[in-house]
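Accompanying notes for the structure given below.
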Amino acid sequence: MTDDTLCRHPVYALLADGTTVLIRTVEPGDHDQLRDFYKEMSPENLRLRFFAISARSATMAADRACGPERPGYRALLAETQGQVIGLAEYDTGGCGDAAEISIAVADRLHHRGVGTLLVEHLVSAARAEGVTTFSADALCENREVLRLFADLGLRTARRFEGPEVRCTILLDEDETYLSAVEERGRAADVASLEPLLRPDAVAVVGAGRRPGSVGRAVLHHLRAGGFTRRLFAVNPHVASVLGVPSHPSVSALPVVPDLVVVAVPATAVPALAEECGKVGVRALLVVSAGLDRNQAEALLGACRSHGMRLVGPNCLGISNTDPELRLDATFAADHPRPGTAGVAVQSGGVGIALLEGLSRLGIGVSSFVSLGDKYDVSGNDMLQWWVSDRRTDLALLHLESFGNPRAFSRTARRVTRRMPLLTVDAGRTDAGRRAAASHTAAAATRTMTRQALFTQAGITATRSVGELLEAAALMHAQPLPAGTRVAIVSNAGGVGVLAADACVEAGLALPSLAPEVMDGLAAVLPRGAAVGNPSDTTAAASEDQLRNCLDRLLRSPGIDAVLVALVPTAVAAATGEDLVRALTDGPAHQARPVVVVRLEQDLPVKLLPAAHGGTIPSFADPQVAARALAHAARRAAWLAQPVGTVPDLDGVDTRRAHEITDAYLTLQTDGGWLEPRTCAALLDCYGIPQLPWAWAETESDAVRAAHQLRGLDGRVVMKAHWPGLLHKSEEQAVRLDLQGDAQIRAAFRDFETRFASRITGVVVQPLAARGTELFAGVVQDEVFGPLVLFGLGGTATEVLADHAARLAPLTDHDVHELITAPRCVPLLFGTHGAGPVDLEGLEQLLLRVSRIASDLPQLAEADFNPVLATPTGVTVLDARVRLLPRMPWDPYLRRLR
């Protein structure tokens, strides 16, 4: 949805107390309702709004808002249950980039965030139309509106003029504003989820007498799980179900339930949702599946119009293990064990596996939501809940689709600094993506794009449910390692070798131990032990010897984690030694993680109870243990980085860039690839360095251009051009190392002969110096927004595919990671005696590419290949840009799906 669409079509959003409101553009037919909206205001509210009380104020305000459409004017209203509760307007007077704004809120809705929400939407609409400043006049005594402006998060200046104050608000979208919007969204989100996850009364519709029905299974779980609040069944044919009182309809219930569980045939779902909304139900859990498009739209429409949050349809259910609530509205085989892991999944099967795994490990679940087809409540909502519930310290997600990934990424970055956030990277292959799209009725996303999101947000992405549980067990039980340096101890040399291989393959390091550490190990281990890394204690090691060995390694400054690989031996059995006990009896607060590998273990991972009350993860395979340690090390490295910032760039002319883009799309309404001159002008708006060039349409023009440019030793390059030309090398449309007028004329005639029906001109450039050829580019993902790519360039770029990607806008840390991610990174830092390329210039280039991608949603894709990097500079040698007619879309604007 574009911002223009936002203003022309209704969207729903949440007030501070979780109430759903409709935000839409004022229409002529709203006149009478707006007039009545003003007439119902108290005299004091009218005076604060209009600075005076007049019988004509209401009619004049309605006339202005509902008048003919005019340039520079926008009016948005908020309504609930068909009643107008707020109005916000801006007016530029038809010119300039500054606008006057006004706000009015119904008396009964003050202090619930109506005005703030409307202003946020007005700010987004104004930015899309080039407005940079809002101004407003208010009475000095109007503390509410003055506080609204002050708390927006935007830079605001005040000027007092007698009884009035003039407020000027700059509409820059900086970190302060985005954080303020996000915090308001978090509070509203959590409030809206209270009826869903902490209901005072629950009703199950569709719980019948048949034992195999889903509704009956959910009702049984609620009752058997000990739900502590009021519970009802809705079934017109029986007086009770499983001992729970039953009523003929939701309308007939003795109280209005906060949450209704819907387990009826798909055809009955829309009417039931409408009935629930009319009686005041605040949340629906729809486990029913098989809704067609019309049924789905009717279900969501009922939820939106009546302000109900919705989980599902086609889901396993929800659970909140809070002992004061004990809500288990699922049809899983068993009740989840209470604990501290928050779980949200789209697949019910994955959800069952995670619930069982977390219960078996003893981690347990704080709350669980099976999102199903995810019409409303999403993974982003659950992140907001978990970060606020004071029970969750570990978040696990399984998402097959993303509704607003840029908002999700921003929320995830905040959450992952407070708790580990792990996910299964589902849909890594084409077949997997097709299955995900079919399963969830949502678009699946490219692997590179999704991985960029996970990397930037600090999300631990695993490749299977098993790997997710393994990493979660380690992060739950042990401190994070400060780095990747692992010491291995085993009582069997072969197992130590396997563990060493696994660690190195997982990206961990096995440093040599300091001589004093090796001497200390030799002093406490049996004669014949091999001290090093790995260390082989031999089968003769006792509990005390292993405990002392472990203690010395954990105190070694060159070690970040210790992996202990043990096998059962007859020696230990004969002496009654329990080597595992040497680990579980260790210190209560060691600063470094310890993991154990036991090849005879029957499960991939277990958590062993420790004497100090904690747990130690035990893995059945060294590869599993090393993989989990690597995940923990990456999380620690991400946390160690300061929060990145998007740097300010000089020499950027955004207004001119929009003018160029708009002018092109006015002539080429379907979009297309820019011709060289327009492309170069657009890049100039962002200070992207380009090799000097000239456009020529005749032989003589080409010769004159070559004389002016004078490349290396007088040599030049000539490139043919025609609309739609993408791969010049494949078309043999590039001639290198041309010298002298004769060669230039011959090259031009050759192009004319071979491309006579297509060629529109040629680009002449000086022959560039030698350097490292790189690639930079942009792809606008329909779901994720702009993605910046970087890697090895030249003709090998597509063959080697040595690229990395990050989502725009890039922070300073994103740029550093992007530069160091591809395999070609040694070329950038200097090899075989060559010095490093201009890394600062390379960072600047990528930041400017990120900026153009963020500023221009019309930029569908851009290729800068090759980009020549030398020790003295970075220059784009060839650029291609494609524009499409797209409008801006604000990913951080508060709105429901």
Do [X] and [Y] meet the criterion of a side-chain donor-acceptor pair at a distance under 3.5 Å?
X	Y	result
Thr460	Arg635	no
Arg309	Ser192	yes
Thr537	Asn491	no
His631	Glu470	no
Gln641	Glu817	yes
Arg806	Thr455	no
Glu400	Ser347	no
Gln456	Arg410	no

*Starting from the C-alpha separation in whole Å, work towards a yes-or-no answer on side chain to side chain contact (heavy atoms under 4.5 Å, CB included) for Thr321 and Arg391.*
CA-CA 10 Å; Thr321 65; Arg391 296 178 60 229; 2.9 Å; yes
*Report yes if some heavy atom in the side chain of Val643 is under 4.5 Å from a heavy atom in the side chain of Arg417; otherwise report no.*
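SC-SC contact between Val643 and Arg417 confirmed.
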*Tell me, do Arg413 and Ser409 make a side-chain contact under 4.5 Å, heavy atoms counted?*
yes
*Please assess Arg450 against Asp425 for the test salt bridge (charged side-chain N to carboxylate O under 4.0 Å, His left out), listing each intermediate value before the final yes or no.*
CA-CA 8 Å; Arg450 197 172 51 249; Asp425 186 8; 2.5 Å; yes
*Can Asp544 and Arg547 be said to form a salt bridge (charged side-chain N to carboxylate O under 4.0 Å, His left out), step by step?*
CA-CA 5 Å; Asp544 285 342; Arg547 186 179 294 111; 2.7 Å; yes
*asked:* I'd like to know whether Ser367 forms a side-chain hydrogen bond (donor to acceptor under 3.5 Å, both in side chains) with Trp386, so could you lay out the CA-CA distance, the side-chain angles of the two residues, the decisive distance to 0.1 Å, and finally the verdict.
replied: CA-CA 8 Å; Ser367 56; Trp386 292 328; 2.8 Å; yes
*Check the pair Arg326, Asp322 against salt bridge (charged side-chain N to carboxylate O under 4.0 Å, His left out), reporting the backbone distance first and the verdict last.*
CA-CA 6 Å; Arg326 295 206 294 270; Asp322 186 335; over 6 Å; no
*asked:* One pair to check against salt bridge (charged side-chain N to carboxylate O under 4.0 Å, His left out): Arg463 and Glu467. What are the steps and the verdict?
replied: CA-CA 7 Å; Arg463 300 173 68 86; Glu467 185 181 343; 5.5 Å; no
